[in-house]
Amino acid sequence: SYEIKNGAKADPNEKPGATSVVQGPGGVIYVTANSASGSKYYDLTDPTKATDPAYGPDPNKKNVNEFGLQNYWANSVEQQEHVRTYVKVSVGTDSLTVQDLVAGTCASPNAAYELGNVTWCGPNKGALPARPVGSVADSVTIHVPSTGNGGHPGYPGYPGFPGFPGQQFGLVDTPQQGTSTNLR
């Protein structure tokens, strides 16, 4: 998704599909991965305010997904290739990278394709072959803004966490820096 704050885009100027964004105070980025088992896929739909007035189309008319449908207002990227994927999260001292990695192809085992629950597989509605296993389907890096004083990344003037007065807010300031976690 875009960075969302109070039910709206935190930065109205953020462009769709940005691979690098700066975290703003209080904003949240939502990532939904595809099926890791290959048993169930949900096709993309064209948003209409008649279906859900609060979750209509993106006012940026250029934000169209691979099906030629307009994305929902909250979705920076939408794609569906009917292949298994999983999410890899890499943590740094001033950034967090989330990658959607390909875990399968159109070949067996791809239960939904094999059983005929979906009739195509791969990018552009199956016009292109599925990406190789391990390739990146999508990626975003979320950066913490700099304080501008050469110190610890964070928000200028942010008072810190309760119980830790004076510390700047950052994504990570722990020994886990540089580690990755695969979520399946």
Side-chain angles (χ1 to χ4, degrees), residues 1-4 9 14-23 27-48 51-52 55-58 60-143 171-172 174-184:
S1 72
Y2 294 107
E3 187 172 317
I4 306 297
K9 282 174 66 172
E14 184 180 341
K15 302 293 181 217
T19 58
S20 181
V21 296
V22 176
Q23 179 191 21
V28 176
I29 294 177
Y30 296 88
V31 177
T32 303
N34 212 357
S35 172
S37 68
S39 60
K40 182 102 174 152
Y41 300 107
Y42 294 97
D43 285 327
L44 304 179
T45 58
D46 204 4
T48 66
T51 306
D52 184 351
Y55 196 55
D58 189 338
N60 179 354
K61 300 292 184 198
K62 296 178 184 174
N63 192 2
V64 175
N65 60 45
E66 67 174 303
F67 297 94
L69 304 171
Q70 191 173 5
N71 285 1
Y72 288 84
W73 72 263
N75 298 349
S76 175
V77 173
E78 289 182 358
Q79 61 188 21
Q80 176 57 272
E81 298 180 11
H82 295 156
V83 296
R84 296 183 315 276
T85 65
Y86 65 96
V87 174
K88 176 183 176 183
V89 178
S90 302
V91 179
T93 57
D94 62 354
S95 66
L96 180 83
T97 300
V98 180
Q99 295 178 307
D100 189 30
L101 301 174
V102 176
T105 64
C106 299
S108 184
N110 186 332
Y113 187 61
E114 291 171 16
L115 295 173
N117 295 340
V118 296
T119 58
W120 56 269
C121 182
N124 293 332
K125 292 187 179 182
L128 299 172
R131 303 169 205 249
V133 171
S135 62
V136 177
D138 195 33
S139 179
V140 64
T141 300
I142 305 153
H143 301 274
L171 285 174
V172 175
T174 67
Q176 291 92 1
Q177 177 205 349
T179 62
S180 296
T181 302
N182 292 332
L183 305 174
R184 295 179 194 229

Worked verdict on L101 versus V136 for side-chain contact (heavy atoms from CB on, under 4.5 Å):
CA-CA 5 Å; L101 301 174; V136 177; 3.6 Å; yes

Between OH of Y113 and CZ of R84, what distance do you get to the nearest 0.5 Å?
14.0 Å

List the residues meeting side chain to side chain donor-acceptor pair (under 3.5 Å) with N71, not counting sequence neighbours, and say none if there are none.
N63, N65

For E81, enumerate each residue passing the salt bridge (charged side-chain N to carboxylate O under 4.0 Å, His left out) test, keeping only those at least two apart in sequence or located in another chain.
R131

Reported CD-to-SG distance for the pair E114 and C121, which is rounded to 0.5 angstrom:
10.0 Å

Under 3.5 Å: donor-acceptor pair, side chain of T85, backbone of A103
no

Do you know the tightest heavy-atom contact between A130 and C106?
CB-SG, 3.8 Å

What pair of heavy atoms forms the shortest contact from T105 to N110, and how long is it?
O-ND2, 3.1 Å

Let me know which of N117, N34, T119, D43 forms a side-chain hydrogen bond (donor to acceptor under 3.5 Å, both in side chains) with H82.
D43

Given 3.5 Å as the limit, does a donor-acceptor pair link the side chain of E14 with the main chain of Y2, or not?
no

Can you see which heavy atom on H143 is nearest to which on S95, and at what distance?
ND1-CB, 3.8 Å

Flag, side chain of S135 to backbone of P132, donor-acceptor distance under 3.5 Å:
yes

What residues form a side chain to side chain contact (heavy atoms under 4.5 Å, CB included) with T97, not counting sequence neighbours?
S90, Q99, S139, T141

Using 0.5 Å steps for rounding, measure from the CG atom of L44 to the NZ atom of K125.
10.0 Å

Are the side chain of E78 and the backbone N or O of Y72 linked by a donor-acceptor pair below 3.5 Å?
yes

N75 vs D58, test: side-chain contact (heavy atoms from CB on, under 4.5 Å). Steps then yes/no.
CA-CA 8 Å; N75 298 349; D58 189 338; over 6 Å; no

